[in-house]
Number of protein chains: 2
Amino acid sequence: MKTTKQSAAAPERKRGSGVKVVYDLLRDEILDLVLPPGSPIDEVQLAERFKMSRTPIREALVRLAGEGLIDTLPNRSTMVSNLDFLNMSPFFDALVLMYRVTTQLAAQHHRPQDLVTIRARQKEFAAAVQTQDALAMIATNAAFHSAIAEAGRNPYFNSLFSRLLDEGRRFLRLYYQSYEDRLPQRFVEEHEAMIAAIIARDVVAAERLGKAHADQIVQQIQKLMVGDERLEIAL
Amino acid sequence: MKTTKQSAAAPERKRGSGVKVVYDLLRDEILDLVLPPGSPIDEVQLAERFKMSRTPIREALVRLAGEGLIDTLPNRSTMVSNLDFLNMSPFFDALVLMYRVTTQLAAQHHRPQDLVTIRARQKEFAAAVQTQDALAMIATNAAFHSAIAEAGRNPYFNSLFSRLLDEGRRFLRLYYQSYEDRLPQRFVEEHEAMIAAIIARDVVAAERLGKAHADQIVQQIQKLMVGDERLEIAL
DNA sequence: TGTCGAATTCTTGTCGACAAATAATATGCA
DNA sequence: TGCATATTATTTGTCGACAAGAATTCGACA
């Protein structure tokens, strides 16, 4: 009777998948603000939580650090990276440019299968808006635009865009935690217009719609920064 | 007499620096094509080479994988990522756009200390051209443009640009291994013009010069792809 | 009560070992 | 000789342990 050590520790996990399991889950928790910015990350606790040794945990953390989702320094506690409200200009610049670029490139380079994927993501997004599920809307919006970027076939832009979408998710999560905004149907319609421009290979319209859409997101995030309610005190 | 295990294994290394040492050196070797595209990476050999256990080696490899410099699959040998000659368009698109964006942003956002750094990098580049040291020229060119990007103060663009410069380094290394081109003084002069436009905060000129410069690099790499010498055989 | 230094605890970086997965080599058979 | 299978060797993924570095707690003193 030979029970392997690993099977005893985590009987349902395939060898080689440990790092990915941890990475995926931590990534989701960071993006959904379950792990808020600045919160400490403790390897020992994670090892207990995931029922595995610290080694794959550490490797997952190296991956997350490489994507800017966590900050690490030697011999020091790792923590979830902060959202930098002091320097939003660079983020907005990059976000808007990448929305323009990826939407335009999708109009140029898309293939039939891409459109199937884009439509599927849009359907998920519309469902999230319909049910007024902000968390799902944020995630499906990012997935929709990520699918558009994939259709544009430029891995360099796509990796940057992916990072920006991730960070945007965290800002939007914070936004919808702060405001009880209804999720407007208008966003669904804007996505539809983008799809139509892409299908029509209308490069100019695609870029323009990409920009307009990005501008909306920028405005939402700016609202979060500026605040929307003034303190009214009679003096 | 208590000799710690670690001290006996690598007496000159500070705890916490292991991953970085391996990462830095492997990265340099990949970029200089000392480790050519496609070559296998063996953790055990690296552990022997660096006189440390495989754990920090693996962490360095995770970092390199995150930057696209190596390719890993579960339970399989890791290898240096290939240079993709079949899909150069996306690379060129991204490179040119990022040269434009970073040079323009430097004209907008640079600070006095930035100019000191940029000038220092330019001086190193000029020296490399003077001594016709292709390897140094490739590295100092990338450092020069990286310094310009830093002056533009957009970490999102800069991370993408950094990756593109890295990949460009590998292509250029291959180029200068294939051709005995002299390193032209013209490049030094173009850098000077870019510096002048940045100092003058001439956004339009900066962007134009950035584009022209990038186009040159694209041409060099295209020359590598097309080949420059036809096989002459009398039939 | 506040400060400082010492002691203790906790967390991180690395170690070497074990075992699973893969690659390479050997063997048998047509 | 070529192919399939078995065996062996090698490499990767993970384990738990050790120790260094950092954080926290405790005790002494002004």
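Protein chains get the first letters and strands the later ones, always in sequence-line order, with residue 1 at the start of each. Reckoned from all heavy atoms, side chains included, excluding hydrogens, waters and symmetry mates.
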What is the distance from [atom1] of [X] to [atom2] of [N], rounded to the nearest Å?
X     : N      : atom1 : atom2 : answer
A/M79 : D/dA22 : CE    : P     : 16 Å
B/E48 : D/dT10 : CD    : P     : 12 Å
A/K14 : C/dA21 : NZ    : C1'   : 10 Å
A/E59 : C/dT14 : CD    : P     : 13 Å
A/K20 : D/dT14 : NZ    : C1'   : 18 Å
A/Y23 : D/dT14 : OH    : C1'   : 21 Å
B/K51 : C/dC15 : NZ    : C1'   : 16 Å
A/F50 : D/dC15 : CZ    : P     : 13 Å

Query - Nearest heavy atoms of B/A65 and B/T72, plus distance in Å - result: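 Taking B/A65 first and B/T72 second, the nearest heavy atoms are CB-CG2, 4.2 Å.
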
Suppose we screen for side-chain contact (heavy atoms from CB on, under 4.5 Å). Which residues come up paired with [X], at least two apart in sequence or across chains?
X      : value
B/A143 : B/R121
B/E67  : B/Y23, B/R27, B/L69
B/S81  : B/D71, B/R170

Query raised in the report: Is there a side-chain polar atom (N or O) of B/S53 under 4.0 Å from OP1 or OP2 of C/dC15?
Result: yes

Query raised in the report: Sequence neighbours excluded, which residues qualify as side-chain hydrogen bond (donor to acceptor under 3.5 Å, both in side chains) partners of B/E150?
Result: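 With sequence neighbours excluded, B/E150 shows a side-chain hydrogen bond (donor to acceptor under 3.5 Å, both in side chains) to no residue whatsoever.
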
Please list, pair by pair, any protein nitrogen or oxygen found under 3.5 Å from a nitrogen or oxygen in nucleotides 10-12 of chain C.
{"unit_1": "C/dT11", "atom_1": "OP1", "unit_2": "A/D42", "atom_2": "OD2", "d": "2.9"}
{"unit_1": "C/dT12", "atom_1": "OP1", "unit_2": "A/I41", "atom_2": "O", "d": "3.4"}
{"unit_1": "C/dT12", "atom_1": "OP2", "unit_2": "A/E43", "atom_2": "N", "d": "3.2"}
{"unit_1": "C/dT12", "atom_1": "O3'", "unit_2": "A/N75", "atom_2": "N", "d": "3.4"}
{"unit_1": "C/dT12", "atom_1": "O2", "unit_2": "B/R15", "atom_2": "NH2", "d": "2.2"}

Report task. Please list, chain by chain and in numerical order, all residues satisfying ring pair (Phe, Tyr, Trp, His ring centres under 6.0 Å) with B/Y176, sequence neighbours excluded. Result ->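 With sequence neighbours excluded, B/Y176 shows a ring pair (Phe, Tyr, Trp, His ring centres under 6.0 Å) to no residue whatsoever.
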
Query raised in the report: Across the strands shown, which category fits A/T72 at heavy-atom distances under 4.0 angstrom: base, sugar-phosphate, nothing?
Result: nothing

